[in-house]
Amino acid sequence: MLTVRQLHAGHGLSRVLHGVDFEVAPGEIVSLLGRNGSGRSTTLQALMGLLPAQGSVRWAGRELLGLRPFEIARAGLGYVPEQRDIFARLTVEQNLLLGEQPGRPRRRPPRWTMASLYALFPALLQRRHTAAGVLSGGEQQMLALARTLMGDPDVMLVDEPTEGLAPRVVDQVAAALSTLRERGVAVLLVEQKLTLALDLADRCLLMGHGRIVYSGSSAALRADAALRREWLEV
């Protein structure tokens, strides 16, 4: 289980997170919800070691806080940033190869191979020799997800994967995230589309002012209009 306790982080002198606590279990999708500026993306960046942070982040009995990002990745966490950060001049297949982590210790056979990821995202197979920079927004998002999965993470931190995508592509991304759950991968998902986030998630975390103000089932949050008005609606 990914266990986060009293996580404090920010950007420079600006403190954003003020004692964040939550857990994510293997094979569970947890949606991290909140208004813009509530601290959702900062949380993912802090977990991945991309920001200075204080507190505790434990996975598989190991303290991750204070490790460098590549060490956290080798410990089993994968990160898909909102900006996707693909390498535009490299082909799809070259981008995927960069996601491999040959130095990571193995306790089991990898969940993902190049072939299984092409099966999950057939559009990438058709474009495997194409420069990533000319892909559509939806194809680039699929590539960002697939490249992270090439590292065979146990936990996926996914930031706004459907932003700006057509409805058909949104459905494909949602189906891929559901497949991760079926294969035992934990997913911490930041997603602005509330209906999608609630439909996908086993549990929801609601952030406000850099703290978790609600933790519970998607069904309970869906039924609580007052809570949504206070912390989600503009």
Side-chain angles (χ1 to χ4, degrees), residues 1-12 14-26 28-60 62-86 99 141 144-149 151 153-164 173-174 176-177 180-181 185-194 196-197 200-215 231-232:
M1 182 172 290
L2 178 69
T3 305
V4 179
R5 292 288 180 265
Q6 287 299 300
L7 185 64
H8 295 258
H11 303 270
S14 175
R15 295 292 89 188
V16 178
L17 305 182
H18 306 283
V20 171
D21 295 273
F22 64 87
E23 302 87 24
V24 185
E28 181 181 42
I29 296 180
V30 175
S31 286
L32 184 60
L33 306 172
R35 293 191 181 98
N36 288 339
S38 62
R40 298 166 302 154
S41 294
T42 300
T43 299
L44 300 193
Q45 292 165 9
L47 295 180
M48 207 62 208
L50 298 171
L51 293 173
Q54 297 82 44
S56 176
V57 178
R58 296 189 67 83
W59 168 252
R62 183 181 182 186
E63 178 60 55
L64 302 183
L65 209 61
L67 299 181
R68 291 171 290 182
F70 79 87
E71 293 172 320
I72 293 173
R74 287 182 180 175
L77 270 64
Y79 175 53
V80 184
E82 182 179 0
Q83 298 82 8
R84 299 165 189 157
D85 291 346
I86 60 165
Q141 185 61 67
L145 286 164
R147 184 183 59 189
T148 301
L149 288 171
D154 299 304
V155 182
M156 283 278 280
L157 313 176
V158 186
D159 198 353
E160 297 284 8
T162 69
E163 184 176 10
V173 171
L177 293 174
L180 303 191
R181 171 170 50 202
V185 179
V187 179
L188 181 60
L189 173 67
V190 172
E191 175 54 59
Q192 197 66 34
K193 294 180 177 63
L194 180 60
L196 176 66
L200 278 174
D202 301 291
R203 286 189 300 115
C204 292
L205 303 170
L206 189 51
M207 291 199 81
H209 309 306
R211 293 182 172 87
I212 302 297
V213 296
Y214 169 84
S215 175
W231 295 107
L232 289 174

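All values reported here derive from a predicted model rather than from experimental measurement.
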Nearest heavy-atom neighbours spanning His209 and His18: O-CD2, 3.4 Å
Can you name the nearest heavy-atom pair linking Val4 to Leu47, along with the distance? CG2-CD2, 3.7 Å
Nearest heavy-atom pair of Val57 and Glu63: which atoms, and what distance? N-OE2, 2.8 Å
The reported gap from CG in Asp154 to CH2 in Trp59 (rounded to nearest 0.5 angstrom) is 5.0 Å
With a 4.5 Å heavy-atom cut-off, do Leu32 and Ile212 have their side chains touching? yes
Counting C-beta onward and ignoring hydrogens, is there a side-chain heavy-atom pair between Leu205 and Ser215 closer than 4.5 Å? yes
Of the non-hydrogen atoms in Arg35 and Trp231, which two are nearest, and what is the gap between them? CG-O, 3.4 Å
Separation of Leu206 CG from Leu232 CG (nearest 0.5 Å): 5.0 Å
Can you find a heavy atom in the side chain of Leu177 that is under 4.5 Å from one in the side chain of Met156? no
Check: Leu145 and Gln141 side chains under 4.5 Å, non-hydrogen atoms: yes
Between Glu23 and Arg5, is the closest basic N to carboxylate O distance under 4.0 Å? yes
Quick check against the 3.5 Å criterion: does Ser31 have a side-chain atom that pairs as donor or acceptor with the backbone of Ala197? yes
Working to the nearest 0.5 angstrom, can you tell me the gap between Leu189 CG and Leu196 CG? 7.0 Å
Hey, could you give me the OG1/CG distance between Thr43 and Leu157, rounded to the nearest 0.5 Å? 10.0 Å
Using every non-hydrogen atom in the two residues, find where Ala46 and Leu7 come nearest and quote the distance to one decimal. CB-CD2, 4.2 Å
Side chain Arg40, main chain Gly37, donor-acceptor under 3.5 Å: no
Enter the distance from Ile86:CD1 to Arg147:CZ here, rounded to the nearest 0.5 Å. 7.5 Å
Taken to the nearest 0.5 Å, the spacing of Leu50 CG from Thr42 OG1 works out to 11.0 Å
Min side-chain heavy-atom separation His11-Leu51 under 4.5 Å: yes
Ser14 side chain to Gly10 backbone, donor-acceptor under 3.5 Å: no
Between Glu163 and Gln192, does the side-chain contact (heavy atoms from CB on, under 4.5 Å) criterion hold? Intermediate values first, please. CA-CA 8 Å; Glu163 184 176 10; Gln192 197 66 34; over 6 Å; no
Hey, does Asp21 have a side-chain heavy atom less than 4.5 Å from the side chain of Gln6? yes
Using every non-hydrogen atom in the two residues, find where Arg62 and Ala75 come nearest and quote the distance to one decimal. NH1-CB, 3.7 Å
Counting C-beta onward and ignoring hydrogens, is there a side-chain heavy-atom pair between Leu44 and Glu160 closer than 4.5 Å? no
Could you check whether any side-chain N or O of Gln83 sits under 3.5 Å from a backbone N or O of Asp85, counting only pairs where one atom can act as donor and the other as acceptor? no
Audit row: Phe22, Leu188, side-chain contact (heavy atoms from CB on, under 4.5 Å) steps and yes/no: CA-CA 11 Å; Phe22 64 87; Leu188 181 60; 3.8 Å; yes
Do Glu82 and Val190 have side chains that get closer than 4.5 Å, going by heavy atoms? no
